[in-house]
Amino acid sequence: MKRQVPLNKVRNIGIMAHIDAGKTTVSERILFFTGKSHKIGEVHDGQATMDWMEQERERGITITSAATTCFWKNHRINIIDTPGHVDFTVEVERSLRVLDGAIALFCAVAGVEPQSETVWRQAEKYEVPVIAFVNKMDRAGADFYRVLKTMEDQLHANPVPIVIPIVENGELRGVIDLVYNVAHMYDDITGEKRTDMPIPEDYQEEREKWFKFLIEKVSEVDERLLEKYCQGEEITTEELMQGIRRATLSRLITPTLCGAAFKNKGVKRLLDSVVDFLPAPNDLPPIIGSHDNEEIVRNPSDEAPLAALAFKVVADKHMGKLIYFRVYSGIMKSGSYVLNSTKDSKQRVGRLLQMHANKQEQRDAIFSGDIGVAIGLSDTVTGDTLCDINNPIILEAIEFPSPVISVSIHPESKNDSDKLGFGLGRLAEEDPTFIVSSGEESGETIISGMGELHLEIIVDRLKREFGVSAQVGRPEVAYRETIVKDYDMNHRYVKQSGGKGDFAHVAFKLEPNPSGTGFEFENKIVGGAIPREYIPAVEKGILDAMKRGIFAGYPVVDVKVTLYDGSFHEVDSSERAFRICASQAFKEAFMRCKPQLLEPIMNVHVTTPPEYAGSVTGSLSGKRGRIQGMESVGSSNVVKAMVPLAEMFGYATELRTITSGRAVFSMQFEHYEPAPASIAEEIVKTRHEKMRGAA
């Protein structure tokens with residue numbers, strides 16, 4: 001059982017960008033040029049290989065990340081094509097967690113867009129080295145150098161061009177390769193044929209200017225080149241390539257290329273850069289995990305004990321549950337037993353697959369550094385660690401954003417009732433940002449997600465994949481509750497009913513935590529006032545109350561509880577008593593701390609013809625929106641605003657009406673902030689009426 005490709009010739013990369021920047025088009029060209037596919041699939045024809053779901057082909061957008069493997073210059077490239085729509089940001093989050101490098105795509109006309117910023121921050125979070133590709137250089141208004149500037153200004157990136165465009169009469173005719181001092185010229189029709197030739201005379205000055213910029217930028221972050229540069233010595237092509245690679249792996253620069261993927265221009269040079277500059281698994285620091293509170297380091301080697309992370313679950317109607325995983329060390333073998341250390345359960349690996357979008361290739365083993373799919377791990381979910389039974393390790397799990405929108409859902413017929421529960425369960429297993437719950441007061445089934453489109457796709461999948469016809473209620477905003485002042489709470493819970501009674505006594509301080517920091521519980525009990533075994537029950541009781549909400553029935557966030565005193569009874573005290581006592585105490589204290597309702601605020605960008613800009617700003621202002629600014633991008637204006645999510649339902653229809661269908665918008669969750677008092681009062685009143693009606 002030998003690996004096909006040495007570890008240093010493996011590349012695990014993702015393609016990330018704002019919606020409609022051309023990610024899937026770039027993926028299709030990569031598959032074509034590497035020989036993985038023999039026909040280029042186009043997004044607009046609904047034939048893209050990587051957009052294999054029916055919903056993706058109908059809508060022309062990527063919904064789920066798709067994985068594939070191809071080969072270029074004797075290197076194996078494992079690619080994940082991620083969605084650009086903010087509703088499916090979970091796919092980017094979990095993909096970047098297991099990838100070693102990424103291609104950040106930017107539209108040459110629009111530059112840095114809202115979701116560009118989101119995925120860039122996600123790459124920074126996981127410290128993923130990135131190369132950039134400025135796509136759509138064939139469009140009117142394309143400006144490579146303006147995109148570089150927006151990358152610097154908005155992303156605080158350090159973009160360093162390694163090619164610059166040759167544009168004639170608005171058409172991308174070729175690129176000047178600054179590293180190899182050559183011009184790559186493309187034929188006019190398909191761009192598949194590339195001719196390398198000396199740099200045209202009238203571009204020599206431009207080449208010298210940007211080559212000097214390249215040398216200076218790499219020398220700034222590479223001591224070996226800096227010494228030669230300062231001494232005026234010539235830097236060879238090989239030395240420059242090594243310098244760019246070192247700086248890229250250290251995330252000090254972002255090598256930037258350009259092209260027009262739809263016309264096949266610049267894609268081969270992009271593939272060369274993936275191989276040349278992005279890391280192999282053994283270029284990166286070893287993976288760090290833990291077991292029994294001890295840190296464990298695993299090197300990327302086939303000889304090391306197995307350590308793998310499950311990063312995605314897919315419910316396949318033919319094969320059942322598919323677990324996508326990344327092997328960090330060791331070898332995952334078909335038919336072997338592994339330990340799910342997150343759940344402390346032994347599981348048998350059934351079949352192993354290498355995925356190509358929704359097509360599979362059976363494998364006997366998945367080696368260190370590779371990405372594969374396992375069938376048979378029924379108890380495994382996203383974020384679980386799979387490891388060698390005799391060498392347990394738990395890898396850091398993946399963090400996911402909380403849902404911001406909810407709707408009620410119920411089956412159209414009794415026959416659909418059982419199927420609905422099954423379908424929702426399978427889809428919730430796939431997507432950690434999709435939550436299924438039962439309404440505390442009404443008993444309704446509530447589904448929550450990242451946006452209207454997210455939930456719309458879920459309902460569509462229920463119908464197509466699970467045969468369930470369901471009706472959904474009106475969207476509801478996922479409000480939160482918090483407090484603005486402190487309170488010291490002293491509470492006893494005493495219940496006597498003939499036999500053994502219940503007794504618990506807690507004293508704690510409840511105070512607000514800074515916005516976004518979540519819940520904090522601090523135990524300052526001394527002298528055994530409350531026995532140690534009852535302390536977790538106190539925290540659980542508080543969490544019970546926080547989950548259900550107190551002020552208006554929404555989850556509580558950003559509070560700190562410091563438990564400092566209490567008492568117990570030798571016979572009547574129990575975990576149950578302390579849990580009930582803490583829950584009651586928290587509810588009472590919360591209402592004495594000036595409760596506040598928080599609403600989700602969305603970062604909204606509207607791209608509109610200039611003549612409609614006034615109508616757009618007026619419309620957003622009327623939705624309690626705060627206009628952050630407006631800038632010109634090509635022939636359009638981009639209006640930026642912060643708007644409460646509650647005001648944005650149905651905005652797509654309104655925007656089409658006020659701009660005659662010529663404007664588009666995108667929005668993403670930004671933060672929670674206090675709702676105005678009058679609106680909060682109305683929401684609380686409505687919630688209380690609903691709760692009384694349900695009772």
Side-chain angles (χ1 to χ4, degrees), residues 17 21-22 26 29 103-112 130-153 155 157-188 191 193-221 225 229 235 237 240-241 243-245 247-248 252-274 276-278 634:
V26 169
R29 267 56 185 182
I103 300 170
L105 240 63
F106 299 94
C107 172
V109 179
V112 174
V130 175
I131 60 176
F133 185 73
V134 180
N135 192 27
K136 301 192 177 184
M137 286 295 299
D138 54 332
R139 293 282 184 91
D143 188 335
F144 177 67
Y145 303 106
R146 187 180 61 77
V147 176
L148 295 177
K149 184 74 169 62
T150 60
M151 288 175 66
E152 286 181 352
D153 294 344
L155 304 179
N158 189 15
V160 178
I162 57 174
V163 304
I164 57 173
I166 298 175
V167 179
E168 296 175 5
N169 300 320
E171 183 72 27
L172 181 69
R173 300 303 306 277
V175 296
I176 293 171
D177 193 321
L178 300 174
V179 177
Y180 291 103
N181 194 23
V182 68
H184 305 306
M185 305 300 291
Y186 301 101
D187 64 59
D188 291 339
K193 188 178 178 185
R194 189 181 90 182
T195 306
D196 293 349
M197 58 179 61
I199 296 168
E201 191 65 36
D202 50 350
Y203 276 91
Q204 283 289 352
E205 188 177 330
E206 189 80 353
R207 186 266 171 187
E208 289 303 318
K209 169 188 165 185
W210 285 102
F211 180 69
K212 184 181 179 185
F213 180 84
L214 170 62
I215 294 288
E216 287 176 350
K217 280 288 187 180
V218 178
S219 299
E220 281 174 11
V221 296
L225 293 190
Y229 179 71
I235 296 173
T237 300
L240 180 57
M241 290 280 286
I244 295 171
R245 179 174 175 77
T248 306
L252 297 171
I253 68 168
T254 302
T256 305
L257 302 96
C258 64
F262 183 64
K263 294 185 178 175
N264 309 307
K265 298 177 180 180
V267 178
K268 290 181 180 178
R269 187 65 183 88
L270 176 62
L271 276 166
D272 290 342
S273 297
V274 167
D276 292 336
F277 305 132
L278 289 182

For the pair I131 and L270, evaluate side-chain contact (heavy atoms from CB on, under 4.5 Å) and give the outcome as yes or no after the intermediate values.
CA-CA 9 Å; I131 60 176; L270 176 62; 3.9 Å; yes

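- With sequence neighbours left out, D196 forms a side-chain hydrogen bond (donor to acceptor under 3.5 Å, both in side chains) with H184, R194.
- Looking at residues two or more places apart in sequence or on another chain, you find a ring-ring contact (aromatic ring centres under 6.0 Å, His included) between Y145 and W210.
- Listed for the R173 side chain is no donor-acceptor partner under 3.5 Å among the backbone atoms of Y186.
- Every residue two or more places apart in sequence or in another chain that forms a side chain to side chain contact (heavy atoms under 4.5 Å, CB included) with T195 is listed here: M197.
- What you find for G111 and V147 is that their closest heavy atoms are CA-CG2, 4.0 Å.
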Report the C-alpha distance between R269 and D272 in whole Å, list the side-chain angles of each, state the deciding distance to 0.1 Å, and finish with yes or no for side-chain contact (heavy atoms from CB on, under 4.5 Å).
CA-CA 5 Å; R269 187 65 183 88; D272 290 342; 3.7 Å; yes

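- Of the options L240, I176, N181, I164, a side chain to side chain contact (heavy atoms under 4.5 Å, CB included) to F211 is made by L240 and by none of the others.
- For P159 against P161, the heavy-atom pair with the smallest separation is O-CD, 3.9 Å.
- Rounded to the nearest 0.5 angstrom, I199 CD1 and L178 CG are separated by 7.5 Å.
- For the salt bridge (Lys or Arg N to Asp or Glu O under 4.0 Å) test, no residue two or more places apart in sequence or in another chain qualifies with D143.
- Shown here are the side chain to side chain contact (heavy atoms under 4.5 Å, CB included) partners of R139, two or more places apart in sequence or in another chain: V109, K136.
- More than 12 heavy-atom neighbours from other residues, nucleotides or ligands sit within 6.0 angstrom of CD on E168.
- Applying the side chain to side chain contact (heavy atoms under 4.5 Å, CB included) criterion to A261, with sequence neighbours excluded, gives T25, V26, N135, V267.
- To the nearest 0.5 angstrom, T254 atom OG1 is 10.5 Å from K217 atom NZ.
- A donor-acceptor distance shorter than 3.5 angstrom exists from the side chain of N158 to the backbone of L252, with no hydrogens or angles considered.
- With sequence neighbours excluded, no residue satisfies salt bridge (Lys or Arg N to Asp or Glu O under 4.0 Å) with R207.
- Here the closest heavy-atom approach between residue Y180 and residue M241 is recorded as OH-CE, 3.3 Å.
- A104 is linked by a side chain to side chain contact (heavy atoms under 4.5 Å, CB included) to M16, F106, W120, V130, counting only residues two or more places apart in sequence or in another chain.
- Contacts of K209 classified as side-chain hydrogen bond (donor to acceptor under 3.5 Å, both in side chains), with partners at least two apart in sequence or in another chain: none.
- Residues meeting the side-chain hydrogen bond (donor to acceptor under 3.5 Å, both in side chains) test with D138, sequence neighbours left out: none.
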Run the numbers on T150 and R146 for side chain to side chain donor-acceptor pair (under 3.5 Å), then give the verdict.
CA-CA 6 Å; T150 60; R146 187 180 61 77; 5.3 Å; no

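- In terms of heavy-atom proximity, V218 sits nearest to L225 at CG1-CD1, 3.5 Å.
- Take D276 and apply the salt bridge (Lys or Arg N to Asp or Glu O under 4.0 Å) test, not counting sequence neighbours, and it matches no residue.
- The CG atom of L148 sits 6.0 Å away from the OG1 atom of T256 when rounded to the nearest 0.5 Å.
- Among all heavy-atom pairs drawn from P165 and F144, the shortest one is CD-CD2, 3.5 Å.
- With contacts defined as side-chain heavy-atom distances shorter than 4.5 Å, the pair I166/L172 does not qualify.
- In plain terms, the two heavy atoms of F133 and G266 that are nearest each other are CE1-O, 3.7 Å.
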L214 and V179: side-chain contact (heavy atoms from CB on, under 4.5 Å), yes or no, with the steps?
CA-CA 9 Å; L214 170 62; V179 177; 4.2 Å; yes

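- Q204 meets the side-chain hydrogen bond (donor to acceptor under 3.5 Å, both in side chains) test with no other residue; sequence neighbours excluded.
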